[in-house]
Amino acid sequence: MKKLLLLLLTPLGLLAQSLPDSTVNKINGIFSFFAAGNRPGCAVAIARHGQVVFSKGYGLANLEYNIPNTANTIFHIASESKQYVAFCMLLLEKEGKLSLDDDIRKYLEYVPDFGKKITIRHLIYHTSGLRDQWQLLANAGWQLDDVITQEHVIKLIAKQQALNFTPGDEWMYCNTGYTLMAEIVKKVSGLSLRDYTQKNIFEPLGMKDTHFHDNYTEIVPGRSYSYNLRGDGKYQHAVLSYSIVGATSLFTTVLDELKWVNNLNTGTVGGKDLVEKMLQPGVLNDGRKLNYAFALNLGKYKGWQQIGHGGSDAGYRTYACRFPEQGWEIVVFSNYGMANPVGFTNQIADLLLGASKPEPKDEEVYITDSVALKRFVGKYYGERGDRLELFFKEGKLYRRSPEAVVQLADKGNDRYKMATGGVIIAGKQSWQGDSLLHWQVETANGVLSFQRQPAVAQPVTEEFTGRYYNEETEAYYTIGFNAGKLTLGHRKFANADLTYIAPDQFTGPHWWMSHIRFIRDKRNKIIAFEVNAGRVQHLRYGKVK
């Protein structure tokens, strides 16, 4: 009776101070791989309603000196840094120093005038159309373990001549925008991003082990180092030499990160109105709503709302999320490049959330008209190197891409949705007899056009060869021809074979230039190629005469 009375008199926030031993043992089991041997590992922290109920480190923070990871080990958290920068924009707006709908050229005059207004809001939501800084640097010949500073990126941005797309038309993840917002913080506040966040976020929240790391040579006691696995099964140091902040480079611990995650519930810093704005999803020009807010992914797991963001640089892998309906907050950092913090977080959530939350099902109507279905069958390609196939089997139409095979559901008005959700094959089709020649796919990233692959592949000849130059990256590439195949050469990279995929389109092994489309003049002569790969589109290299 006394225990019951004590329980009734205890504030709810103080009830959850620890997890049951059985749950702790299961969490230890999730990370058991890191507990054995000389391995990098993870740090984990869990809270409920702002009260820490579990924290622990696994594996080593430093393999050379056999230093273990703990809940107080400092990690570079890569793109998890972005939500802090988005929060700074809201703080500065609340101070009356800027508006999210301001043209960024109001503060950053070196950003080229592309003839289209780019706002701070565009930067936050990754809808600016700006090309991504890391891929531009790689195109220019940089290695990502080179020393990279704010100035390097600013100079590269200042030379850009085109955008990936019209601002607001598409969503495409863009680190460049967050680097620029760090510069906006400095411009309007008079403080560096490091100093501004220290004064306005970290100190008020008691995040004593957190800072934006703007000098890669700075010594940080208690930090972890990142590692990858070599081909021979041994670990190697994954070098990270960034002196660049905004898109990345926040150093923090899992326990400090929990303080930040909880602030997005309480509004202790910024106020409730401001943290509610952090959850506002972006909207594209055509009215489509994103599942992305202020550097926060808005999703669900087991039917429960899940709000979070991850990060990946060198050998660091990080993820932090919360389940607001149940009050759980989970942070997992790792210094091992093959770790999967999102997967680890979801395994922990399986232990904490209980049963899945029932959700109404959207009944799909699958296409059954065999005559109509067979007209879609074929292989198709897009100008960005996207490839897919529509095929008919046992009365059903499927879409095959390098990622998956899914059945198509009829949504009416000549629109067909993938059974797994997301992509819709839209109208605006063109036909030749009973063969579909052209159609479109709607994605969160915009509308992509596809056309049918020709029955006979284009011959690959020496007409593609030559030296090509891009003024924006100040880089030369050479296209060679050997044994019936094209090769791609650069003075800093090994020659790479190119593989034909569609008329005038080729793929290669370089992540920064994985797709190349050659461009012809009115006389059908090749005059250039453009890179359409990942987060860089329409980067044109002209053929040098």
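For the single chain, residues carry numbers from 1 onward in sequence order. Bear in mind that the values here come from a model prediction, so they are computed numbers and not experimental data.
Checked against the 6.0 Å centroid criterion, the rings of Y336 and Y235 qualify as a close aromatic pair. Between Y178 and H126, the gap from one ring centroid to the other is short of 6.0 Å. Y242 has its ring centre no less than 6.0 Å from the ring centre of Y216. Taking the six-membered ring for Trp, F294 and Y125 have ring centres closer than 6.0 Å. Aromatic pair Y58/F31: ring centres closer than 6.0 Å.
Note that CZ of F75 and OG of S226 are 10.5 Å apart. Values are rounded to the nearest 0.5 Å. Distance check, rounded to the nearest 0.5 Å: CD of E389 to NZ of K379 gives 5.5 Å.
Residue pairs satisfying the salt bridge (Lys or Arg N to Asp or Glu O under 4.0 Å) criterion with at least one member in residues 500-510, sequence neighbours excluded, are listed as follows: D504-R520.
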Could you walk me through whether F464 and F529 pass the ring pair (Phe, Tyr, Trp, His ring centres under 6.0 Å) check? CA-CA 9 Å; F464 297 96; F529 71 71; over 10 Å; no
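Checked by atom type, the side-chain pair T248/H76 shows a donor-acceptor distance below 3.5 Å. Looking only at atom types and distance, the side chain of K82 has a donor-acceptor partner in the side chain of N175 under 3.5 Å away. Side chains of Y173 and S79: a donor-acceptor N/O pair is present below 3.5 angstrom, by distance only.
In this structure a side-chain-to-backbone donor-acceptor pair under 3.5 Å is present from N532 to H538.
A salt bridge does not link D386 to R384: none of the charged side-chain nitrogens sits closer than 4.0 Å to a carboxylate oxygen.
Geometrically, R223 engages Y225 in a cation-pi contact defined by less than 6.0 Å to the ring centre and at most 45° from the axis.
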